[in-house]
Chemist: 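For reference, the structure I am asking about is given below.
Numbers restart at 1 for each chain; the letters A, B, ... are given by sequence-line order, proteins then strands.
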Amino acid sequence: MAGARSTGLGPRDPMRSRRVHQRARSHRSPPPGRPAPHPRRRGASGRKGWTLPALDPRRSRERAVGMRQRQGRRAHRIEEGHRRMSELVVTRFAPSPTGHLHVGGARTALFNWALARQLGGRFLVRIEDTDQARSSADAVGGILEDLAWLGLDWDDGPDLETANATLGGDERGIGPFYQSERKAGYDAVIASLIERDLAYPAFESPEELDGLRREARAAKQNFRYRRAREFDRETALQRARDGEPHVVRFRMPEEEIAVEDRILGQIAFGEDQLDDFVIRKRDGFPTYHLAVVVDDEAMGVTHVLRGQEHLGNTPRHVALQRALGYREPVYAHLPVIFNPDGSKMSKRDKDKAGRLAVREALTLDEAGTRARLDGELDPAILDGWIADKKAQLSGTDLASIERLLGLELPGIDVEDFRHAGYLPEVLVNFLALLGWSPGQKDAEGKDVERFTPGELAKQFSLERVGKGNAKFDRAKLLAFSQETLGGQDDAEFQADWETWCERYAPEALGHLQGSARARFAAAMKPRSRTLAEPTSADGPGAFALVGDDTYGFDPKAVGKFLDKGEPSGRQLLPELRQVLAGLEPFEPEAIEAAVGAVAEAHCLGMGKVAQPLRVALTGRAASPALGDTLAILGRESVLRRIDRCLAECSTS
RNA sequence: GUCCCCAUCGUCUAGUGGUUAGGACUCCGCCCUUUCAAGGCGGCAACACGGGUUCGAGUCCCGUUGGGGACGCCA
């Protein structure tokens with residue numbers, strides 16, 4: 001029990017907790033139109049019946065030295081059952097629309113979605129756009145589309161039309177789902193808090209506070225804002241009424257606040273760490289803390305799963321809920337996702353990498369780099385971005401830089417992975433494993449690691465979410481993708497690949513007409529780790545996506561397979577050309593048989609004949625199976641390519 | 001500086017007092033083979049450290065070390 005450790009209070013006293021609860025409840029007043037909160041099996045008093053602490057001498061001794069309650073999860077499982085019968089489970093994903101959906105956010109959304117589906121509840125999406133400076137409508141659209149693409153359908157929230165469904169809607173009458181449209185509600189809550197002297201106006205300027213924080217830091221002290229003893233309420237209220245700029249702060253109760261976390265256990269925050277935090281900003285908008293608490297209550301949210309960076313905010317939210325007589329949702333804080341280098345995976349990572357690369361390019365060749373970038377990027381924006389570590393460029397600008405400078409920026413956003421050719425179910429599968437595991441073995445005793453979103457929804461439980469932070473391992477994601485793609489049937493793969501092409505590489509499809517397309521897709525399936533690889537310029541499928549006279553011949557391959565041998569590969573080509581010119585049908589099996597016959601006639605192994613042909617047709621020593629390669633190209637191309645090879649790769 | 005969280009192969013993890021510590025990814029080897037893949041088989045590799053508790057500790061407790069998070073009129 002962290003609180004006991006930190007505050008030196010010794011054994012946790014269930015009665016003490018109960019007093020807190022009762023006091024909190026005493027000023028509860030259910031909001032109009034909503035049923036009164038029913039008591040819950042919760043906290044120390046609720047758990048007591050299941051763990052029987054007093055009957056187990058060992059356990060009570062351990063508690064006396066401050067042991068965290070390991071039995072908690074069992075009790076929770078039972079509690080979850082109770083909740084399921086008595087109450088609709090509601091989870092939510094509440095992004096702030098300041099950019100694309102990144103994978104960390106996607107995982108949070110995924111777990112919320114999975115929990116709601118698992119418990120037969122509802123999953124809602126709410127847009128937290130109280131930050132006027134940074135929120136944008138574009139970002140909202142992008143995030144919603146990313147969620148939909150991942151297959152995380154929401155029951156309540158902003159509307160989104162997709163190909164096969166309309167998501168969102170407000171069946172329960174709990175909207176709107178944009179916090180910027182819910183301002184009146186927050187104002188009413190804040191007014192009532194001020195009325196009861198649970199909140200008060202504060203007039204320090206940001207600069208003043210900054211100074212205080214710096215001072216505290218210099219004195220190696222911890223800064224926290226608490227209402228001064230000599231604070232005069234009437235004067236303050238009058239100044240506020242007179243229009244003096246101010247924020248509103250919540251009067252944090254002066255007592256330890258314990259948070260029951262479904263993943264981490266019980267965590268207590270001592271009174272000395274809590275401060276009177278701001279609930280309404282100078283611009284009149286509520287802060288995250290106030291808005292999230294008010295909205296979660298109004299929208300009936302029962303389970304809050306969020307990143308661990310929010311753990312320290314939880315006592316604030318709990319205090320607010322108690323002051324307002326709200327129900328306390330179940331909390332579960334998810335471990336953080338890291339980059340392979342151990343740094344926190346952040347939405348700013350791409351900017352960071354890009355900035356570094358641009359700076360490097362600038363140092364090497366200032367004028368040249370500028371010339372390349374200036375066409376697509378506003379120089380002023382670019383310079384600002386280079387100078388400011390925290391600045392973020394738009395996705396299109398970042399993509400321009402990536403393309404113009406030939407970089408590969410690290411994928412962070414869901415859109416990045418979509419672009420990179422990952423199937424949504426692969427990303428979902430992989431993301432789910434970052435922190436959660438099904439804990440099941442298959443028939444061979446191996447861990448179950450591959451599952452569909454549907455299976456995840458069936459299996460998911462908070463008990464199986466780990467506490468440790470996880471690194472995002474791209475190699476494993478790639479392997480998952482390859483395995484999934486390889487397991488598809490040819491038609492399925494082709495359809496997914498074509499869909500990807502339509503969005504990201506429409507010109508590629510133009511090269512593959514008629515039956516060649518299906519043949520190409522089938523040949524590329526086992527050779528592709530992502531949907532982007534078939535069209536990769538240096539991939540095994542590149543030969544089919546270039547004109548008959550635009551590809552080059554790899555000198556090493558030419559040297560090895562055309563120049564050498566007795567007869568040399570080159571000498572075999574005219575004969576092969578002739579055989580192929582008259583071959584009917586021009587199909588893989590017939591082609592391989594015909595080439596095999598030529599080999600046999602010269603008492604050569606298949607390789608001695610196939611490789612020269614392969615080099616002539618593709619310019620390289622590697623391509624799909626020979627029959628497939630030829631059939632994909634078609635007879636005309638094949639003959640033209642042999643002719644060009646003969647002409648261009650002459651002996652020198 | 002204060003507070004909080006975390007700790008099993010390089011990575012993701014299984015493991016809830018008695019296991020030859022299991023799986024997956026990566027890497028390496030072999031087989032298959034007209035190339036590249038794919039596929040099959042096999043291998044390397046971990047309980048951070050120190051104290052307790054216990055007949056017995058990866059599992060429970062304490063400490064150390066290491067990693068991470070928070071300390072905004074961002075969310």
Chemist: Validate the cation-pi geometry between A:R450 and A:F480: distance from NZ or CZ to the six-membered ring centre under 6.0 Å, angle to the ring axis within 45°.
Modeler: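 Checked: cation-pi criterion met.
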Chemist: Are A:R227 and A:Y200 in a cation-pi setup, meaning NZ or CZ lies under 6.0 angstrom from the ring centre and within 45 degrees of the ring axis?
Modeler: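 Cation-pi check for A:R227 and A:Y200: passes.
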Chemist: Just call it for A:H333: base, sugar-phosphate, or nothing, with non-hydrogen atoms closer than 4.0 Å on any strand.
Modeler: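 No contact.
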Chemist: Using a 4.0 Å heavy-atom cut-off across all strands, classify A:A625 as base, sugar-phosphate, or nothing.
Modeler: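 Counting heavy atoms under 4.0 Å across all strands, the contact made by A:A625 includes a base.
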Chemist: For B:rA48, give its Watson-Crick or G-U wobble partner with both distances under 3.5 Å, or none.
Modeler: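 The answer is B:rU64, by the H-bond criterion.
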Chemist: Could you tell me whether the side chain of A:E449 has a donor or acceptor atom within less than 3.5 Å of a complementary atom in the base of B:rG23?
Modeler: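 Such a pair is found, so the answer is yes.
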Chemist: Rounded to the Å, how far apart are A:Q440 CD and B:rG15 P?
Modeler: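 Distance, rounded to whole Å: 11 Å.
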Chemist: Respond yes when some side-chain nitrogen or oxygen of A:R134 is under 4.0 Å from OP1 or OP2 of B:rC73, and no when none is.
Modeler: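 Checking A:R134 against B:rC73: no side-chain N or O falls below 4.0 Å of OP1 or OP2.
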Chemist: Mind checking A:G596 for me? I need base, sugar-phosphate or nothing, with any heavy atom below 4.0 Å counting as a touch.
Modeler: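 The answer is nothing, as A:G596 stays clear of every strand by at least 4.0 Å.
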Chemist: Which of these nucleotides, B:rC4, B:rG22, B:rC12, is closest to any side-chain atom of A:K476?
Modeler: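 Closest nucleotide to the A:K476 side chain: B:rC12.
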Chemist: Using a heavy-atom cut-off of under 4.0 Å over every strand shown, decide if A:D442 touches base, sugar-phosphate, or nothing.
Modeler: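 Nothing: the residue A:D442, judged by heavy atoms under 4.0 Å, touches no strand.
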Chemist: B:rC71 P sits how many Å from A:D276 CG, rounded?
Modeler: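 It works out to 17 Å between those atoms.
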Chemist: Remember a base hit wins even if backbone is also touched, and classify A:L434 as base, sugar-phosphate or nothing at under 4.0 Å, heavy atoms.
Modeler: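 The residue A:L434 makes sugar-phosphate contact but no base contact.
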Chemist: What does A:V278 touch in the nucleic acid at a heavy-atom separation under 4.0 angstrom: a base, only the sugar-phosphate, or nothing?
Modeler: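 The residue A:V278 makes sugar-phosphate contact but no base contact.
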Chemist: For RNA chain B, determine which residues of residues 519-531 of chain A have any heavy atom closer than 4.0 angstrom to one of its atoms, and list them numerically.
Modeler: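 Residues of residues 519-531 of chain A that come under 4.0 Å of RNA chain B are, in numerical order, A:P526, A:R527.
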Chemist: Applying a 3.5 Å limit to both distances, which nucleotide forms a Watson-Crick or G-U wobble pair with B:rC71?
Modeler: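 Per the H-bond distance test, B:rG1.
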Chemist: Do any side-chain nitrogens or oxygens of A:R464 fall under 4.0 Å of OP1 or OP2 in B:rG15?
Modeler: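 Checking A:R464 against B:rG15: at least one side-chain N or O falls below 4.0 Å of OP1 or OP2.
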Chemist: Mind checking if A:P624 touches a base, just sugar-phosphate, or nothing, with heavy atoms under 4.0 Å?
Modeler: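 Since a base atom lies under 4.0 Å of A:P624, the category is base.
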Chemist: I want to check one thing: is the phosphate of B:rA14, taken as OP1 and OP2, less than 4.0 Å away from some side-chain N or O of A:S437?
Modeler: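 Indeed, a polar side-chain atom of A:S437 lies that close.
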Chemist: Indicate, with a heavy-atom threshold strictly under 4.0 Å, whether A:P540 touches base, sugar-phosphate, or nothing.
Modeler: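 Touches nothing.
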Chemist: Scan A:A621 against the nucleic acid and name what it touches under 4.0 Å (heavy atoms): base, sugar-phosphate only, or nothing.
Modeler: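 Counting heavy atoms under 4.0 Å across all strands, the contact made by A:A621 includes a base.
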Chemist: So, OP1 or OP2 of B:rC73: does either fall under 4.0 Å of a side-chain N or O from A:R249?
Modeler: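 Looking at the OP1 and OP2 atoms of B:rC73, one of them is under 4.0 Å from a side-chain N or O of A:R249.
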Chemist: C1' atom, B:rA70 versus B:rU20: distance in rounded Å?
Modeler: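 Pairwise C1' distance, B:rA70 against B:rU20, rounds to 44 Å.
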Chemist: Does A:E483 reach a base, just sugar-phosphate, or nothing at all? Heavy atoms under 4.0 Å.
Modeler: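 It contacts nothing in the nucleic acid.
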Chemist: Base, sugar-phosphate alone, or nothing: which one does A:G439 contact when heavy atoms must sit under 4.0 Å apart?
Modeler: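 If one applies the 4.0 Å heavy-atom cut-off, A:G439 turns out to touch nothing in the nucleic acid.
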Chemist: Is A:K446 near enough to B:rA24 that one of its side-chain N or O atoms lies under 4.0 angstrom from OP1 or OP2?
Modeler: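 True: A:K446 side-chain N/O within range (under 4.0 Å) of B:rA24 OP1/OP2.
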Chemist: Does this structure show an ion pair linking A:D272 with A:R224, if we count only N-O contacts that are shorter than 4.0 Å?
Modeler: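 No, A:D272 and A:R224 are not salt-bridged.
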Chemist: With a 3.5 Å cut-off and just heavy-atom distances, do the side chain of A:N469 and the base of B:rG68 make a donor-acceptor pair?
Modeler: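 No, the side chain and the base share no sub-3.5 Å donor-acceptor pair.
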Chemist: When the nearest nucleotide of RNA chain B is assigned to A:G312 and to A:N222 on a heavy-atom basis, which residue is associated with the more 5' position?
Modeler: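 First, find each residue's nearest nucleotide; the 5'-ward one identifies A:N222.
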Chemist: Between the base of B:rC5 and the side chain of A:K467, is one N or O donor paired with an acceptor at under 3.5 angstrom?
Modeler: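 By the distance-only test, no, there is no pair.
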Chemist: Tell me yes or no: between the side chains of A:R182 and A:Q179, is some donor less than 3.5 Å from an acceptor?
Modeler: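 Side-chain D/A pair, A:R182 to A:Q179: absent.
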Chemist: Less than 4.0 angstrom from a charged side-chain N to a carboxylate O is my criterion; do A:D275 and A:R226 meet it?
Modeler: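 Looking at A:R226 together with A:D275, the answer is no, because their closest N to O distance does not fall below 4.0 Å.
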Chemist: Please tell me which of the listed nucleotides, B:rC73, B:rC5, B:rA24, lies nearest to the side chain of A:F480?
Modeler: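 Of the candidates, B:rA24 comes closest.
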Chemist: Taking atom types as they are modelled, is there a donor-acceptor pair under 3.5 Å from the base of B:rU34 to the side chain of A:R614?
Modeler: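 For A:R614, whose side chain was compared with the base of B:rU34, there is a donor-acceptor pair (under 3.5 Å).
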Chemist: How close or far is atom P of B:rA75 from atom CG of A:L334, stated in whole angstroms?
Modeler: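 Result: 21 Å.
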Chemist: Look at the side-chain N and O atoms of A:K471 and state whether any lies under 4.0 Å from the OP1 or OP2 oxygen of B:rC6.
Modeler: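 Negative; the distance criterion is not met.
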Chemist: So, does A:Q482 get its side chain near the phosphate of B:rA38, meaning an N or O under 4.0 Å from OP1 or OP2?
Modeler: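 It does, given that an N or O in the side chain of A:Q482 lies less than 4.0 Å from OP1 or OP2 of B:rA38.
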Chemist: Assign A:G607 to base, sugar-phosphate, or nothing according to its heavy-atom contacts below 4.0 angstrom with the strands shown.
Modeler: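 The answer is sugar-phosphate, as A:G607 gets under 4.0 Å only of primed atoms, P, OP1 or OP2.
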Chemist: For A:V292, which of A:R316, A:H310, A:R126 qualifies under side chain to side chain contact (heavy atoms under 4.5 Å, CB included)?
Modeler: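 Among A:R316, A:H310, A:R126, the one meeting side chain to side chain contact (heavy atoms under 4.5 Å, CB included) with A:V292 is A:R126.
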Chemist: Testing A:R107, A:R306, A:K467 for side chain to side chain contact (heavy atoms under 4.5 Å, CB included) with A:L334, which one passes?
Modeler: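 Exactly one pass, corresponding to A:R107.
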